[in-house]
Novice: 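Structure below; questions to follow.
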2 protein chains.
Amino acid sequence: MSSPRSGCEILCIGTELLLGNILNGNARWLAESLASLGIPHFRQGVVGDNPERLREAVVEAAGRSRLLICTGGLGPTPDDLTTETLAACFGVPLEERPEVLADLEAKLRARGRSLGVSNRKQALLPQGAEVLPNPTGTAPGIIWTPQPGFTVLTFPGVPSEMRAMWQQTAVPWLKAQHLVSGTFRSRVLHFWGVSESSLAESVAPLLELSNPTVAPYAGQGEVKLRITAKGATASEADAVIAPVEQELRRIGAEHCFGADDDSLASVVLAELRARGETLAVAESCTGGGVGNALTGIPGSSDVFLGGVIAYANRIKQDLLQVPSELLEREGAVSAAVAQAMAEGARRQLGTDWGVAVTGVAGPGGGSDSKPVGLVHFAVAGPDGSSHLERRYGDRRGRDWIRGLSVGDALNLLRLRL
Amino acid sequence: MSSPRSGCEILCIGTELLLGNILNGNARWLAESLASLGIPHFRQGVVGDNPERLREAVVEAAGRSRLLICTGGLGPTPDDLTTETLAACFGVPLEERPEVLADLEAKLRARGRSLGVSNRKQALLPQGAEVLPNPTGTAPGIIWTPQPGFTVLTFPGVPSEMRAMWQQTAVPWLKAQHLVSGTFRSRVLHFWGVSESSLAESVAPLLELSNPTVAPYAGQGEVKLRITAKGATASEADAVIAPVEQELRRIGAEHCFGADDDSLASVVLAELRARGETLAVAESCTGGGVGNALTGIPGSSDVFLGGVIAYANRIKQDLLQVPSELLEREGAVSAAVAQAMAEGARRQLGTDWGVAVTGVAGPGGGSDSKPVGLVHFAVAGPDGSSHLERRYGDRRGRDWIRGLSVGDALNLLRLRL
C-alpha cells in the first residue's frame, strides 16, 4: 500500500488548528523553504493536542518517510505533549538534559522569572535525541533518529521561534545529511503593481521550465516569482538562474522592485541613503503603517527622520499646515490634500522627501463620490510633487486596503526615485 | 493501532499547498465551521496532485473515520485527479451523469464557451455517488458512501465555490444524517503582561477539565486561554463556559484584557470612547506601530486623533517640544524623555491622553547603560504621567522588541484607565 520510504512530511500539532482558530502559516512557510532546498515533500498533517492521534500520525509517518518535521506542542503547559508522545511511540525514556535546564534558567532569569515545574518539563528529551536549540524562546526542539532511516525534527508552534531554529540549525543539518542532494539555489524576485495572473500570463513560457523552475506566489499586493535551480555546485546553479532572472526582470520592467530579502521599504531606504537624502511621512488612513514599515528595517534612522500621523483633520492643519479651506473645499480624501500633506511633512520635518497617504479604509465613512477603498497618495521632493489615486474597492476589507496603501505609498516614492 | 472509527477529517489536495504557494485557508474555514456545528474533527491532511499519495491518504481515512471532507482536484485539467482516484480506491467504475453534463454545458454557454473534452471529464462520477451541486462554478462534488460507515464529500479548491457548496448542501446533509450532535461553543480570553507558563501554572486545575476544556495559546507577548464547551444547545454550552470564564478572569486579574475579538487597541479605544476622551501617540522605536495598531480598529477616528513619529531627536524637539537639554542630559532613551514626549503629544495635538515609546530596537545602537531591548514608555493624562521601563534583551530581534513595545504601550494606558 505504502510507497517506498522516501521524502519528507510535515506534521503540525495543535488543537487551535483543528478548531480553525489560526491559519496554518507554519506549514506554508516550511513547505516553501523545503521547496527552495529541493527536498521532496509529499504530505502534510495536522492533529490536535491529543497523544493518541499524535501517536497514530507519527507511526504512519515513520513507516513511509525519511524525515518528519513537527511543529507545536513543545510549550510548558499540560497540553504540550509532542516530546513525550514521540518518546512513547518508540519506547524510549525521557531524560533531563542539564544543559537545556541551565539554558532555560538563564533565559527565565533574564526575564526576571524563576524556573517553575512546568518549565522543567521542557528539559526532558528522549534518550539519544540531539537538542535543536531555540535561540529566542524557551522551548528547545530535537533532532532524533529513533529508528534507522527515519528522523524527526521538532519545532515550537510560535512562528518566529520555529523560523529561527529552522534557519540556524535545521537547514545546516539537512545539508550535512546530504538530504539536500546536489545544490539547489533559489532567488526570489519581488513585484509590485501587477496582479499574479497577469504577471503569470506574461511570463507563461518560463513557468514551464524544469531547470530552473519558476513559480509565482501572491501576497498582499506583492507578487513573487521564485526561480529555483539545481546544479552540481552553487555557482553552477546560479549560472542556470542568471539568464532567466534577467528575462523575468525585463518582462516585469518597473514592476520588479528587488530580489530575495528586499522589501519596498528596504529598497527605498537604500536608494535615499545612497543619495544622502532624508524622508518624512504624513499618514491618515494608514495611521502609522508606512512609518512602521520603514522603521522595521534596521538602520533606517539615518534616512527616515519621522512623521505625522494626521488622523483627524485638525492635526492635518496644526502639524502639517494643510490649509483649512483646502480641507473644506476638497475634503480630506483628495489629491490636493494628499499633496499638501506630503509638502507639509517635508517642510515641517525638514526632510528632502515627504510621502503622504489619505483615504477611506472603511468599513464606514464612504460616500458615492468617495467610496470605501479610495486612497490618494502624494510624494513631495526636491523637484516637485507627484500624485497617485487608487480605488481598491471595499470587498477585501479594512486591513487589505491599509496594507495595499502602505505598499503603494512606498512604491510611488520608489518610482519617483 | 487505529482508534475506533469515528469523527471526521479534512484532506486538501493540491501541489500548490505542498510548494507553499498558498496558505491552506480552506482547512481553516472548514475547521471553524465543523467546530461550530459540533462535529468532532480530529485530523487534517494535505497531499499533492498525485494519485498514489492521494490513494494512501483516502485508504487511511476510510479505516479510521466516519467522514472525509476533500477539497481540490475537481477541475478539468490533467492534474485534477480526485474523483477518479476515489473511485479507483474502492474499485467502483465512473459513469457519465447526463444531468451534470447538461449543467456544465449550460454554464459554459453562459460564459460564451462550448463543452471541451477536458470539461466532459467533470461529469464522470463514481457509480452510486450523489451529486453535490456547485451553484457558482463548473466542478460538482460528490457525497458518496463507498463502504458502510464511511462517507466522503468532495469540494473544489476554489474557496468561494467550496464555501457555497458547504453551506447550501453539505450542512443540511450533515444535519439530516444526525452527524451534528449537540453544539460546541468557545470563548477566548486575552492576557497581557504574563507568560504562558506562569498563567498556565496559576490556572492548572482548570486545564484538566473535560467540559469545558481550557487550553492556553501563546502569541507575541499575548497569551490566550480558549474555553470550549459542548451542550445540547448553544445556551447550555454557554452556561458551561460562564463559571469557568469568571474563575479564569478572577485568577488572571488585571492581566486579562478582553475576550474573543478584543485586542489591546480595541479595549483602550472602547474605554476612551466611553469616557469621551481622546488620544495621541509619540513614537520613536516603534516608528508608527502604536498608531498602526490603533487605526487598525474600525471607528478609531473618534478617539485617536493622530501622533508624531519622532524617530530623530530633532523631531522630538521640533514637533513634541522635548527640551534639547533633557535629550542631551538623559539621552533619547530615558524615562524623562518618554514623559516629555507623552506630554508633548498630549499638548501639541490637544488630546486628553498621550502615549510615548522610546527605546533601542537594535540590532545596532545599544550601549552598556542602554542595551538593545531597553524601552521606556510613558502615559500622560488629565491626572499626570506614569512611566514603565522594559528590558526585553536582544535575543529575539528587532521585530520582537518593536511588537512587544506596541503591546506594552497600549497596556500601560489600559492599566491607567
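For clarity, every value in this text was computed on a predicted model and none was experimentally measured.
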Novice: Under the side chain to side chain contact (heavy atoms under 4.5 Å, CB included) rule, what do B/Gln44 and A/Gln44 come out as? Steps first, then yes or no, please.
Specialist: CA-CA 8 Å; B/Gln44 295 168 9; A/Gln44 294 169 8; over 6 Å; no
Novice: Side chain from CB out, backbone as N, CA, C, O: work out which of these in B/Ala57 comes under 4.5 Å of a heavy atom of chain A, or both, or neither.
Specialist: both
Novice: Drop me the distance from A/Phe42's CZ to B/Glu52's CD, to the nearest 0.5 angstrom.
Specialist: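 Here the interatomic distance stands at 11.0 Å.
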Novice: Can you tell me which portion of B/Thr228 sits under 4.5 Å from chain A's heavy atoms? Options are side chain, backbone, both or neither.
Specialist: side chain
Novice: Heavy-atom pairs under 4.5 Å with chain B - which of A/Asp399, A/Leu319, A/Val158 has more of them than the others?
Specialist: A/Leu319
Novice: Can you measure from CD1 (A/Ile309) to CG (B/Leu305) and round to the nearest 0.5 angstrom?
Specialist: 11.5 Å
Novice: If we only count heavy atoms from C-beta on, is the B/Arg28 to A/Ile22 side-chain gap below 4.5 Å?
Specialist: no
Novice: As an exercise, state the distance from CG of B/Asp394 to OG1 of A/Thr136, rounded to the nearest 0.5 Å.
Specialist: 12.0 Å
Novice: Sort B/Trp400 into side chain, backbone, both or neither according to what part of it lies under 4.5 angstrom from a heavy atom of chain A.
Specialist: side chain
Novice: Return the option, out of B/His41, B/Arg398, B/Glu208, B/Gln348, with the maximum number of heavy-atom pairs under 4.5 Å with chain A.
Specialist: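 Heavy-atom pairs under 4.5 Å are most numerous for B/Arg398.
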Novice: I'd like to know if the side chain of B/Arg226 and the backbone of A/Leu19 have a donor-acceptor N/O pair within less than 3.5 Å.
Specialist: no
Novice: Please classify the contact of B/Ala310 with chain A as side chain, backbone, both or neither, using a heavy-atom distance under 4.5 Å.
Specialist: backbone
Novice: Name the region of A/Glu9, side chain, backbone, both or neither, that has any atom closer than 4.5 Å to a heavy atom of chain B.
Specialist: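 Neither the backbone nor the side chain of A/Glu9 comes within 4.5 Å of chain B.
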Novice: Hey, is B/Lys224 close enough to A/Glu16 for a salt bridge, meaning N to O under 4.0 Å?
Specialist: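 Looking at A/Glu16 together with B/Lys224, the answer is no, because their closest N to O distance does not fall below 4.0 Å.
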Novice: Side chain, backbone, both or neither: which part of B/Ile297 has a heavy atom under 4.5 Å from chain A?
Specialist: backbone
Novice: For B/Asn24, which atoms come within 4.5 Å of any heavy atom of chain A: side chain, backbone, both, or neither?
Specialist: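 Only the backbone of B/Asn24 comes within 4.5 Å of chain A.
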Novice: In terms of side-chain geometry, is the basic nitrogen of A/Glu60 or B/Arg64 positioned less than 4.0 Å from the acidic oxygen of its partner?
Specialist: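 A salt bridge is present here (some side-chain N lies under 4.0 Å from a carboxylate O).
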Novice: Can any side-chain N or O of A/Arg402 pair as donor or acceptor with the backbone N or O of B/Thr295 at less than 3.5 Å?
Specialist: yes
Novice: Side chain, backbone, both or neither: which part of A/Ile13 has an atom under 4.5 Å from a heavy atom of chain B?
Specialist: neither
Novice: Atom CG of B/Leu349 and atom CD1 of A/Ile315: how far apart are they, to the nearest 0.5 Å?
Specialist: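 Result: 4.0 Å between the selected atoms.
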Novice: Which atoms of B/Arg314 come close to chain A, meaning under 4.5 Å heavy atom to heavy atom: side chain ones, backbone ones, both, or neither?
Specialist: side chain
Novice: Below 4.5 Å from any heavy atom of chain A, which atoms of B/Thr286 appear? Answer side chain, backbone, both or neither.
Specialist: backbone
Novice: Rounded to the nearest 0.5 Å, how far apart are NZ of A/Lys121 and OG of B/Ser197?
Specialist: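 That separation rounds to 11.0 Å.
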Novice: Examine whether an atom of B/Val281 lies under 4.5 Å from a heavy atom of chain A, and if so say whether it belongs to the side chain, the backbone or both; otherwise answer neither.
Specialist: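 Side chain only.
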Novice: Chain A heavy atoms under 4.5 Å from B/Glu201: which part of the residue, side chain, backbone, both or neither?
Specialist: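 For B/Glu201, side-chain heavy atoms alone lie under 4.5 Å from chain A.
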Novice: Pick whichever of B/Ala312, B/Gly306, B/Gly307, B/Gly45 has the most heavy-atom pairs under 4.5 Å with chain A.
Specialist: B/Gly307
Novice: How long is the gap from CG on B/Leu18 to CD on A/Glu32, to the nearest 0.5 Å?
Specialist: 13.0 Å
Novice: Test side chain to side chain contact (heavy atoms under 4.5 Å, CB included) on B/Ser195 and A/Arg113 and set out the steps.
Specialist: CA-CA 10 Å; B/Ser195 73; A/Arg113 291 166 44 207; 3.1 Å; yes
